[in-house]
Amino acid sequence: MIQRLITLAPMTALLIFGATGNAFAGGRSEPWQMGFQPAGSPVMERIIEFHNLVLVIEVSIVALVLGLMCYIIVRFNAKANPVPSKTTHNTLLEVVWTVVPLLILIVVAVPSLKLLYYSDRVENTEMTLKVTGNQWFWSYTYPDHGGFEFDSVIVPDDELKAGQPRLLTVDNEVVLPAETNIRLLFTSADVIHNWGVPSLGLKLDTVAGRISETWVRINKKGNYYGMCSELCGVNHGFMPIHIKAVSKADFAQWVETANKEFARTGGPAPVRVAKAGARDRDD
Amino acid sequence: MADQETAAPGGHDHDHHPTGWRRWLFSTNHKDIGTMYIVLSMVGALVGGAMSFMIRLELMDPGIQFNLFGAGEEAAYFQFYNVLVTGHAFIMVFFVVMPAMMGGFGNWFVPLMIGAPDMAFPRMNNISFWLLASALVLLLVAAFTQGGPGTGWTVYPPLSSAEFHPGPAVDLGILSLHLAGASSVLGAINMITTIFNMRAPGMTIHRMPLFCWSILVTAFLLLMAMPVLAGGLTMLLTDRNFGTAFFEPSGGGDPVLWQHIFWFFGHPEVYIIILPGFGIVSQVVSTFSRKPIFGYLGMAYAMVFIGFVGFAVWAHHMYTTGLDADTRAYFVSASLVIAVPTGVKIFSWLATMWGGSISFRVPMMFACGFIFLFVMGGVTGVALANAGMDIAFHDTYFVVAHFHYVMAIAGVFAMFAGFYYWIGKMCGRQYPRVLARIHFWSFFIGVNVLFFPQHFSGMAGMPRRIPDYPDNYAGWNYVSSIGAFITTASTLLFFFIVWRTLSAGEKVPANPWGEGAKTLEWTVESPAPFHTFEELPDMTDKQAAE
Amino acid sequence: MTNSNTGQVAAQPEGMQSIVADWSSDQRAFKNVSWGKAMMWIFLLSDTFIFSCFLLSYMTVRMSTTIPWPNSSEIFALSFGGEPIPLILIAIMTFILITSSGTMVLAVNYGYRKDRAKTAILLLITAAFGASFVGMQVFEWTKLIVEEGVRPWFNPFGAPQFGSTFFMITGFHGFHVSVGVIFLIIIARKVWRGDFDKGTRGFFTSRQGRYEIVETMGLYWHFVDLVWVFIFAFFYLW
């Protein structure tokens, strides 16, 4: 069984990759991937750029320490250096290795804080998507488009169709318009979950009793996958996220059909009222 | 008041040498209690290691490998998996690293290094140990009660509340942590009083070995961090059982309040784990380079600074909970600052070795390994400190890789360095040299194969705490599990080495390490006699420690 | 060869110099502080953190409550002759606890003067004050639980968190006071019997002529009093 899965996996990956080849060549991980998934949003682009800077610094520090260590091992082992020196101080050195790291950290901190504020909010959003975490699926509400709501549940392995990635396929995808600034609101109906979509640089906890906010802009049409990123019980690994980004026109059309398909059967609106203790958006 | 201080504390009779089970259950001897802590930590390592081994077996291939409870009972198995994840973390943190370093090496060597006959409160020392042993039992009971606590070691409500974890498992876990916390606080009080008040004549605070400094700072961290955990745990307990709603949104509470409380404890906790390791590495590097530590004051106060600032950075574990951007900006800055004193320490160790005459005995190999591997783990920590980038890393295997590098690799290397350095003093016999080198290399290779690929999985987007993953993550997970096999084999070799040392190790003199070993423990015979320093050594005319 | 103990230093430097002298000395950092006292200070440092945790959580909960918080003056009022006097019980309790700190100070003083009778009596008076504090707290709890129906999860006055924070904070504090009362009685008995003078084997008594334990106990008692002041201010007066 395990053997078959291993041979099946690369074939499946190939099929899916082929299927979405025209739009965005990314949106999920590749086998043996070593870096970030390709960026699908401006936030993720900046994250990758910032990471490139940090990676250079990380590698340099590790290489420096490794290099010094190797030199020390060769030059100062007991055979090569039978008489140890008695040096225990060097004020200049001590000042340098305090100040230089501090400068490096400032070089890191400035773009870091810029990235933080950029990813937090954007001024003009054109629509809102509300995401609610449940055990163990996501529900999505479109308050600006009629307030319809639907659940997005994982498709189990034995019901997958050919080409659908295991553990990432859902029955109803989240359809969103590309090239649009979208405001995202999060809350939870039970325990803490986390809506994480790596290729879009999104990750925010969904907490019962509060509404968290961030934003996203999906650059190109395509399929973007994510997974729940906060331990939420037995099926924590089995509540994926599948975003289908389409053109603005296609989105408008989809909204029409969605309003009918997910129409409420009467009764009060299913919008989840913030529970007591929820904080203001501006906090 | 004059003769109190040199008289034994509490009227302890120095001919007092109990035997049989009373020697261990009613011990008031810091060496015996230290030994018991080390044995406890080895037991914990076996249990915690078995748990992580099962996790790696499950994650070796995509799909579910073990349907332990039968077909159709997947939920029970996934709950069990979450309990493994939870138990593995609790056991490694509270019942392996802390008892080995603070309880084991701390109890054994702090009195010896400062020239004290025992700890300040020997009977309280014993209570600390037996509280911890009870806590371990309680935790294991919790794991097997009605599904067990499948909440992660962070125990976040609402998942840990009565609604989503009914039954006594989480309550038993909370009580276990209360006991462990009490054990730690009492131990911390003991260490602080001993170090402040029982140093030998001539041993000023600035001549004390750096290992004692590390224990002192760790003790203060324990003193101030554990009570906060205890407070939070009590509130969680009342939420679960007495209808309060501190963390319950429907009652007006806030789950994020728990996170603040937990991480206010949790971040100093990780420094509690690593600081004694820093102390051990300082001792070992200095001994085997035959040079005093470079920049002693800088080293000591770097540890104080790390401990201090460590209380001000807790929310970098909470970047995705919806905190205000300005709040996150503060925590980014504070977290980055901690890299500075840490860097001072790394460079000071290298500068100690520079110009030295280094013999690469096994303790030194582990200490050098520590320095390199801690830097590797540390730089990924600098990456994670950035809230903007943490969006990509949070709750992925990148975080798992980071904290395993600093705790499970570097921390454990420090523990092994301490073991190989001090085992001769503790039992009078030396470790088998060739086997010990094989242990070093196999462990080094094993843990790197285990944890390095997890950086890749994390960057590719694989979340934490999942029993199964989308197929594209299979490659690096397989490699990582191979590393687990190697590490497990290496650890079994270590236990064989322990047995071999105790049963057939070469007898060892008071100081097997030569002129580089300048601290007081090397002036007493090996194994150290039951009572040492019944007469205080005089350090007044000796060279300063630096 | 044991060096003569440096615990007795002839001329103690003052202020900053004293701190430097302590920190740079060998053997003992705290020259005039016995181990028991040092230990108590260290323990109180950790106890501060747990009370702070509870008080800060209470303040967080109170600041974010959407249902109005009950009015302390109304709830903690007692009626005398038909007129409700707000916070009267709390005022009496505070007065008693602070007075007990006063009697504690006197007990410590007489202890160092080895006046066993007065010390024991003052310790017992302190314990009595403490016990009556706890008794009044129990009365308060009974009144709220039985008559007013306050529970950890609900109360008829307002925000449900009021009950949980009230019981948690005052319960924890009351527990500390009760433990203190028990210890005060134990120490009072030992003082009365002269255990400290004889140096008999036992808890705290094996060092002849040492009445320091009374002062250490005093430290704990003053801490408990100080915590009450904070609780009084933050919980009842806010």
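Heavy atoms only: backbone and side chains are in, while hydrogens, waters and symmetry mates are out. Reminder, nothing fancy here: chain letters follow the sequence lines and each chain counts from 1.
- For chain C, the nearby part of V185(B) is the side chain; its heavy atoms alone come within less than 4.5 Å.
- Summarising the geometry of C53(C) relative to G232(B), their closest heavy-atom pair is SG-N, 4.0 Å, with the distance given to 0.1 Å.
- Annotation: side chain of F54(C) is in contact with side chain of T234(B) (closest heavy-atom distance under 4.5 Å).
- Expressed to the nearest 0.5 Å, how far CD1 of I261(B) lies from CG of L56(C) amounts to 8.5 Å.
- From M226(B), atom CE reaches atom CZ of F49(C) across 13.5 Å, with rounding to the nearest 0.5 Å.
- You'll find the side chain of R151(C) stays beyond 4.5 Å of the side chain of F242(B), heavy atoms only.
- Atoms CD and OG1, from Q161(C) and T244(B) in turn, are 8.0 Å apart once rounded to the nearest 0.5 Å.
- Residues M168(C) and F246(B) have side chains in contact (heavy-atom distance under 4.5 Å, counting atoms from C-beta outward).
- Looking at heavy atoms from C-beta onward, T193(B) lies in side-chain contact with I42(C) at the 4.5 angstrom threshold.
- Ranked by heavy-atom pairs under 4.5 Å with chain C, the list V228(B), L222(B), I192(B) is led by V228(B).
- We find the CG-OG distance between D254(B) and S57(C) to be 10.5 Å, quoted to the nearest 0.5 Å.
- Both the backbone and the side chain of I205(B) come within contact range of chain C, each with at least one heavy atom under 4.5 Å from a heavy atom of that chain.
- Contacts of M224(B) with chain C are made by both backbone and side-chain atoms, with heavy-atom separations under 4.5 Å.
- Remark: F167(C) CZ to T238(B) OG1 distance equals 12.0 Å, nearest 0.5 Å.
- Using a 4.5 Å cut-off between heavy atoms, A245(B) contacts chain C through both its backbone and its side chain.
- For a residue to count as touching a neighbouring chain, one of its non-hydrogen atoms must lie under 4.5 Å from one of that chain's; by this rule T48(C) does not touch chain B.
- The residue among A159(C), S52(C), A38(C), S164(C) with the most heavy atom pairs within less than 4.5 Å of chain B is S164(C).
- Both the backbone and the side chain of I189(B) come within contact range of chain C, each with at least one heavy atom under 4.5 Å from a heavy atom of that chain.
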